Asks: 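Input: one structure, supplied below.
In this text the structure is predicted, and so the values were computed from the model without any measurement.
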Amino acid sequence: MNKGQLAIDEAFMRRALVKAAEAFEADEVPVGAVIVHSGRIIAQAHNQVETLKDSTAHAEIIAITQAASHLQSKWLEGATIYVTIEPCSMCAGALVLSRIDRVVFGTSDLKTGAFGSKIDINRLQLNHKVKVTRGVLKTDCADIISQFFKSKRKKK
């Protein structure tokens, strides 16, 4: 990856980290997602599982819905999602179905990550393959998750 693309990826990941911090403040697992199309943010979200009492209210799913509404299309071709942690199998499936071009994530998720950590959805030979960039602002993305769960353990 060239330095210019890395700088762009880091800038959008910083915005995803802002959304993750909002999730943290709302006592949600701090995951943030931003979808970019034609160089502009068209969707941004954070986890709302607890707030909405909905196990599907992951940052990626909410952002996909916002982006599709913005583009007035079920397809997110030409779009990139920036997400602070590797998407789970539900989110990875939704990203494939949306035909998003690229996923950029910060930290891997060894328990549920579906772009190479636990499984790799791209190996399933589905009708769409997503380009993946891993490890953008990895330390910052891992730190916010770690801090959240440390604070949860302290409260117990």
Side-chain angles (χ1 to χ4, degrees), residues 1-26 28-49 51-52 54 56-109 112-117 119-145 147-148:
M1 177 186 319
N2 67 46
K3 287 182 183 180
Q5 185 61 57
L6 179 59
I8 291 166
D9 288 350
E10 286 179 350
F12 287 124
M13 188 62 76
R14 281 188 186 81
R15 184 64 198 152
L17 279 162
V18 168
K19 299 308 290 182
E22 290 174 16
F24 195 121
E25 289 300 312
E28 296 277 358
V29 175
V31 177
V34 171
I35 297 181
V36 174
H37 186 269
S38 299
R40 292 183 39 234
I41 294 174
I42 62 167
Q44 47 190 331
H46 60 76
N47 274 5
Q48 295 187 50
V49 171
T51 303
L52 299 176
D54 179 354
T56 69
H58 290 197
E60 301 95 321
I61 300 297
I62 295 167
I64 289 167
T65 300
Q66 290 174 2
S69 178
H70 176 86
L71 294 174
Q72 295 292 289
S73 174
K74 62 184 176 182
W75 307 131
L76 301 182
E77 295 167 325
T80 298
I81 188 168
Y82 294 85
V83 61
T84 54
I85 193 167
E86 181 179 3
C88 69
S89 57
M90 174 184 69
C91 294
L95 290 163
V96 168
L97 291 173
S98 76
R99 297 191 184 171
I100 201 159
D101 278 1
R102 186 167 167 247
V103 171
V104 178
F105 66 84
T107 191
S108 296
D109 185 345
T112 65
F115 282 103
S117 291
I119 65 165
D120 187 349
I121 198 161
N122 280 329
R123 289 184 164 209
L124 299 179
Q125 299 177 351
L126 301 173
N127 65 335
H128 178 71
K129 190 171 185 172
V130 180
K131 296 178 199 106
V132 180
T133 301
R134 298 165 175 79
V136 174
L137 300 181
K138 177 182 178 178
T139 301
D140 294 339
C141 293
D143 284 351
I144 194 167
I145 294 279
Q147 290 168 11
F148 177 78

Asks: Give me the atom names and distance for the closest heavy-atom approach of Gly116 to Arg134.
Replies: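 Heavy atoms of Gly116 and Arg134 come nearest at CA-NH2, 4.3 Å.
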
Asks: Pair Leu137, Arg14 - check side-chain contact (heavy atoms from CB on, under 4.5 Å), show working.
Replies: CA-CA 8 Å; Leu137 300 181; Arg14 281 188 186 81; 3.7 Å; yes

Asks: Donor-acceptor pair, distance only, cut-off 3.5 Å: does the side chain of His128 make one with the backbone of Ile100?
Replies: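 A pair under 3.5 Å: yes.
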
Asks: Within the structure provided, determine whether Leu97 and Leu126 are in side-chain contact (heavy-atom separation under 4.5 Å).
Replies: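 When only atoms from C-beta onward are counted, Leu126 and Leu97 do not touch, as no gap falls below 4.5 Å.
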
Asks: Just jot down the side-chain hydrogen bond (donor to acceptor under 3.5 Å, both in side chains) partners of Thr56, sequence neighbours excluded, or say none.
Replies: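 Scan of Thr56 (side-chain hydrogen bond (donor to acceptor under 3.5 Å, both in side chains), adjacent residues dropped) gives Asp54.
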
Asks: Under the salt bridge (charged side-chain N to carboxylate O under 4.0 Å, His left out) rule, what pairs show up with a residue in residues 78-107, not counting sequence neighbours?
Replies: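 Of all non-adjacent pairs touching residues 78-107, those that pass salt bridge (charged side-chain N to carboxylate O under 4.0 Å, His left out) are Asp9-Arg102.
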
Asks: Who pairs with Glu28 by salt bridge (charged side-chain N to carboxylate O under 4.0 Å, His left out), at least two apart in sequence or on another chain?
Replies: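 Glu28: no salt bridge (charged side-chain N to carboxylate O under 4.0 Å, His left out) contacts found.
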
Asks: Would you give the length of the straight line joining atom CD of Gln5 to atom CD of Glu10, rounded to the nearest 0.5 angstrom?
Replies: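 It is 11.0 Å, given to the nearest 0.5 Å.
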
Asks: Between Ala33 and Ile81, what is the shortest heavy-atom contact and its length?
Replies: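 Reported closest heavy-atom pair: CB-CD1, 4.1 Å.
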
Asks: Once you measure the plane-to-plane angle for Phe12 and Tyr82, does it fall in the parallel (<30°), tilted (30-60°) or perpendicular (>60°) bin?
Replies: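 Rings of Phe12 and Tyr82: tilted, as their planes differ by 30° to 60°.
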
Asks: Specify the closest pair of heavy atoms between Ser108 and Ile85, including all atoms of both residues, with the distance to one decimal.
Replies: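 Taking Ser108 first and Ile85 second, the nearest heavy atoms are O-CG1, 4.3 Å.
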
Asks: Locate the shortest heavy-atom distance separating Ser98 from Leu95; write the atom from each residue and the value.
Replies: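 In this case the closest contact between Ser98 and Leu95 is OG-O, 2.8 Å.
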
Asks: Out of Val18, Ile41, Leu17, Thr80, which one pairs with Val34 under the side chain to side chain contact (heavy atoms under 4.5 Å, CB included) rule?
Replies: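 Going through the options one by one, the only one that passes is Ile41.
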
Asks: Hey, could you give me the NE2/CD distance between His46 and Glu60, rounded to the nearest 0.5 Å?
Replies: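 Output value for this atom pair is 13.0 Å.
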
Asks: Got a sec, which residues hit side-chain hydrogen bond (donor to acceptor under 3.5 Å, both in side chains) with Arg15, two or more places apart in sequence or on another chain?
Replies: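 With sequence neighbours excluded, Arg15 shows a side-chain hydrogen bond (donor to acceptor under 3.5 Å, both in side chains) to Gln44, given in chain and number order.
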
Asks: Does some side-chain heavy atom of Thr112 sit less than 4.5 Å from a side-chain heavy atom of Ser89?
Replies: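 Sidechains of Thr112 and Ser89: no contact.
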
Asks: Taking all non-hydrogen atoms of both residues into account, name the closest pair between Val136 and Met13 and its distance.
Replies: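 So the two residues come closest at O-CG, 3.7 Å.
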
Asks: With Ala43, which residues qualify under side-chain contact (heavy atoms from CB on, under 4.5 Å), at least two apart?
Replies: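 In terms of side-chain contact (heavy atoms from CB on, under 4.5 Å), with neighbours along the sequence ignored, Ala43 is linked to Ile35, Ala63, Gln66, Ala67.
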
Asks: Tell me whether Asn122 contacts the main-chain N or O of Phe115 through its side chain, where contact means a donor paired with an acceptor under 3.5 Å.
Replies: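 Answer holds: no.
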
Asks: Whether the side chain of Asn47 engages the backbone of Val49 through a donor-acceptor N/O pair (distance < 3.5 Å, no angle test) should be reported.
Replies: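 Between the backbone of Val49 and the side chain of Asn47 there is no qualifying donor-acceptor contact (under 3.5 Å).
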
Asks: What heavy-atom pair brings Val29 and Ala23 nearest, and what distance separates the two atoms?
Replies: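 Looking at all heavy atoms of both residues, the shortest contact is O-CB, 3.7 Å.
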
Asks: What residues, two or more places apart in sequence or in another chain, satisfy ring-ring contact (aromatic ring centres under 6.0 Å, His included) together with Phe105?
Replies: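 Scan of Phe105 (ring-ring contact (aromatic ring centres under 6.0 Å, His included), adjacent residues dropped) gives none.
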
Asks: Give a yes or no on whether the backbone of Gly32 and the side-chain of Thr84 come within a donor-acceptor separation of less than 3.5 Å.
Replies: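 Here the side-chain-to-backbone pair exists.
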
